[in-house]
Amino acid sequence: MKSSNIKEFMRTKASPSDLFFTLTGALVLLFIIAPLLGMFLKTTPSTLFETASETEVRQSIWLTIWTSLAATLFFSVTAIPFAYLLARKNFPFKGLVTGIIDLPVVIPHSAAGIALLGFVSRDSVLGQMGSAIGLNFIGHPAGIAIAMAFVSIPYLINTARDGFAGVPERLEKAALTLGASPGRVFFTISLPLAWRNILSGLILMFARGMSEFGAVVIIAYHPMITPVLIYERFGAFGLKYARPVSVLFILISLALFILFRWMAKPKSNEKS
Amino acid sequence: MLSLCAISKKFPGFELKEVSFTVEDGDYFILLGESGAGKSMVLETIAGLVLPDSGSILLDGREITREKIQRRGIGLVFQDHAVFPHMTVRGNLQYALKALPRVQENTAEAAEKMAERLSIISLLERKPATLSGGELQRVALARTLIQKPGILLLDEPLASVDHQLKSELRALLRQIHKEGQTILHVTHDFEEAISLGSRVAVINNGMIVQEGTTHEVFEHPRSNFVAGFAGIKNFFRVTLSVKNGKTKARTGPVEIELITEENETEGFIIIRAEDLVLSREPVDTSMVNHFQGTIQRIVPSRSGCEVTLDAGILFTALVTSTSADQLGLREGNSVWVHFKATAVKYFCL
């Protein structure tokens, strides 16, 4: 808020309703900040530093980041064109299809893990295909990535679909009449114009994948991603040992999130 | 030459019914109709964005009804320009060039040549968001013309620009046409049709109701719809001349004084029927145009009576029934018609 805005805000007399809404807002904010702040305050920089130097912790954080990134990038190849289809075409049972996309968000993630386990286990089609090239999804980063993608892909599809829907169809039609093929129209018009939304979707999917616990723990307890490591430390050693890892993971997630958001932010000369 | 033969297409709640017309090479063809009459649909069908249910489209003898959009050789300029916002003006022009099967010239050079032709050379590195409506329209035109289309389709190109810009763009379109470009221009504005078109087709409810030269269609509207839609009553082909500092338009035996800034001497004039004042005797007023004539017929209309009189040319005046009664207007009566120079609207050819 600019200082002039603050001054103006201070000058206006608050009505009782303003007070009520401000109070509820403050309570909600407090509800989010208080537990996190409490955890941060209870962790000294020295314990944080010690935790960060543990190989197990470092490996798990690195594993979490790259599996989620890989899942996001790999599945974006299919999710983005699918989002375009959803934004542009009408087809029978479109409502049903949109509902199916949202399913991973609403089902319990441990249940999603159980479902996925059957899908990638050694006697499933996918499991057998994996075995043929020496890949066993259970307890493997590939399995972790699949579990992460399953629960986070709706975020990418929905955000990218909104982005494509916001691209005026006339521009695509104009490109077609200028002789561009449908593929060229997609890559040179639709994709660049929906890019900001797509990037937001990618960031959301990546962030959601990194924070996944329920589905991943069923497919792969080991190698341990950080959410599983936190859970394990809590179960085996208690709150005190789980806290520094949690703080470290939150800090790194936040840093990445802020970095990506900054990268996705429109440059001042692009705003118009 | 572009020919549409019995093009029909059903949309939910609307249909094109056996639309046929021919645009000859070098024509400036106007498709005139109210909004929702199916004009834009016709353009999109010609461009290939919409496939017709039946009928055929021929361009220079080549059947293109089901031809790919990209291979039709047709340029379409949309009403809202559809200039790509994420590319510079240069990027927009080059986009069109890259799609051509073989580029004879250097693309940068071709873009510059076209930009110069449409006076947008100084805008080449600018992003569309920084351009005015008129500049965007020029960019859209340049981007389409750079492909040297067999026919240029324009969808309401002057609909969303102010008066000043309108005459500027009209002059530009006239110039493009003069340079040999065949144009099919869709509009709801009969003034555009008169000032630009060499031929006009009027479309109503998905059907072509009349087609002909601009003069034929407006002078002899074949249906009430055409006459009523345009609302044109006193429409004359004229030759301008300047005498003693006054501009006169001659049509048949009659000379009408008017005010115009146009320099071209050949054109049309329109005088709204509401602007004609009738009297039984000559009167002294500030109006400069006075003609005596004989009433040929009096027809009741929605807003009073339409009085047609022969004063060497046929004038139609709109008066209220009360005035008609007070003046005692009867067919065969001799009356005077008066109107101001400013009531005369001139459109050059």
Side-chain angles (χ1 to χ4, degrees), chain A residues 76 80-81 83-85 87-95 159-203 263-272, chain B residues 12 40 43-50 67-88 91-103 125-131 136 139-155:
Chain A
S76 66
I80 294 172
Y84 181 70
L85 179 82
R88 279 287 178 263
K89 306 279 178 207
N90 280 319
F91 46 83
F93 306 111
K94 191 175 172 184
T159 324
R161 182 191 55 202
D162 292 347
F164 284 125
V167 177
E169 246 182 299
R170 294 222 146 188
L171 296 178
E172 291 170 1
K173 283 183 177 177
L176 286 173
T177 64
L178 289 172
S181 64
R184 184 164 174 241
V185 174
F186 177 76
F187 283 109
T188 57
I189 307 294
S190 325
L191 202 61
L193 287 174
W195 183 238
R196 211 147 302 287
N197 269 66
I198 293 170
L199 207 57
S200 282
L202 290 169
I203 294 169
M263 280 163 64
K265 211 177 99 178
K267 303 283 175 287
S268 57
N269 61 350
E270 275 177 37
K271 268 181 191 156
S272 51
Chain B
S40 298
L43 285 197
E44 295 207 353
T45 312
I46 298 169
L49 293 164
V50 171
E67 176 71 281
K68 276 187 164 184
I69 304 169
Q70 297 85 353
R71 294 211 197 119
R72 291 192 177 213
I74 281 172
L76 171 59
V77 176
F78 288 89
Q79 185 179 350
D80 58 359
H81 333 299
V83 173
F84 306 135
H86 56 305
M87 299 177 195
T88 58
N92 268 278
L93 298 191
Q94 289 184 346
Y95 192 90
L97 280 174
K98 278 180 202 149
L100 292 181
R102 48 183 198 293
V103 183
E125 310 310 328
R126 298 256 297 269
K127 279 279 183 81
T130 66
L131 303 182
L136 284 170
V139 174
L141 273 168
R143 187 178 69 176
T144 307
L145 287 172
I146 209 166
Q147 294 196 313
K148 305 192 173 93
I151 181 163
L152 176 64
L153 312 182
L154 304 172
D155 192 358

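Throughout, a chain's letter reflects where its sequence line sits, starting with A, and its residues are numbered from 1.
- Summarising the geometry of B:Pro85 relative to A:Leu193, their closest heavy-atom pair is CG-CD2, 3.7 Å, with the distance given to 0.1 Å.
- For the pair A:Pro182 and B:Gln70, the tightest heavy-atom approach, listed with the atom from each and the gap, is CD-NE2, 3.6 Å.
- Using a 4.5 Å cut-off between heavy atoms, B:Leu76 touches chain A through backbone and side chain atoms alike.
- Atom NZ of A:Lys94 is surrounded by more than 12 heavy atoms from other residues, nucleotides or ligands within 6.0 Å.
- Within the 4.5 angstrom heavy-atom criterion, atoms from both the backbone and the side chain of B:Gln79 approach chain A.
- Taking OG1 of A:Thr177 as the reference point, atom CD of B:Gln147 lies at 7.5 Å (rounded to 0.5 Å).
- What you find for B:His86 and A:Thr188 is that their closest heavy atoms are NE2-O, 2.7 Å.
- The ring pair (Phe, Tyr, Trp, His ring centres under 6.0 Å) check on B:Phe84 picks up B:Tyr95, with sequence neighbours excluded.
- For A:Ile189 against B:Met87, the heavy-atom pair with the smallest separation is CD1-CE, 3.9 Å.
- Remark: A:Phe91 CZ is packed, more than 12 non-hydrogen atoms of other residues, nucleotides or ligands lying under 6.0 Å away.
- Atoms CD and NZ, from B:Glu44 and A:Lys173 in turn, are 3.5 Å apart once rounded to the nearest 0.5 Å.
- Within the structure, salt bridge (charged side-chain N to carboxylate O under 4.0 Å, His left out) contacts touching residues 69-87 of chain B (residues at least two apart or in different chains) are A:Arg170-B:Asp80.
- To the nearest 0.5 Å, atom CG of residue B:Leu93 and atom CG of residue A:Leu178 are 10.0 Å apart.
- Residue B:Val83 touches chain A through its backbone alone, counting heavy-atom pairs closer than 4.5 Å.
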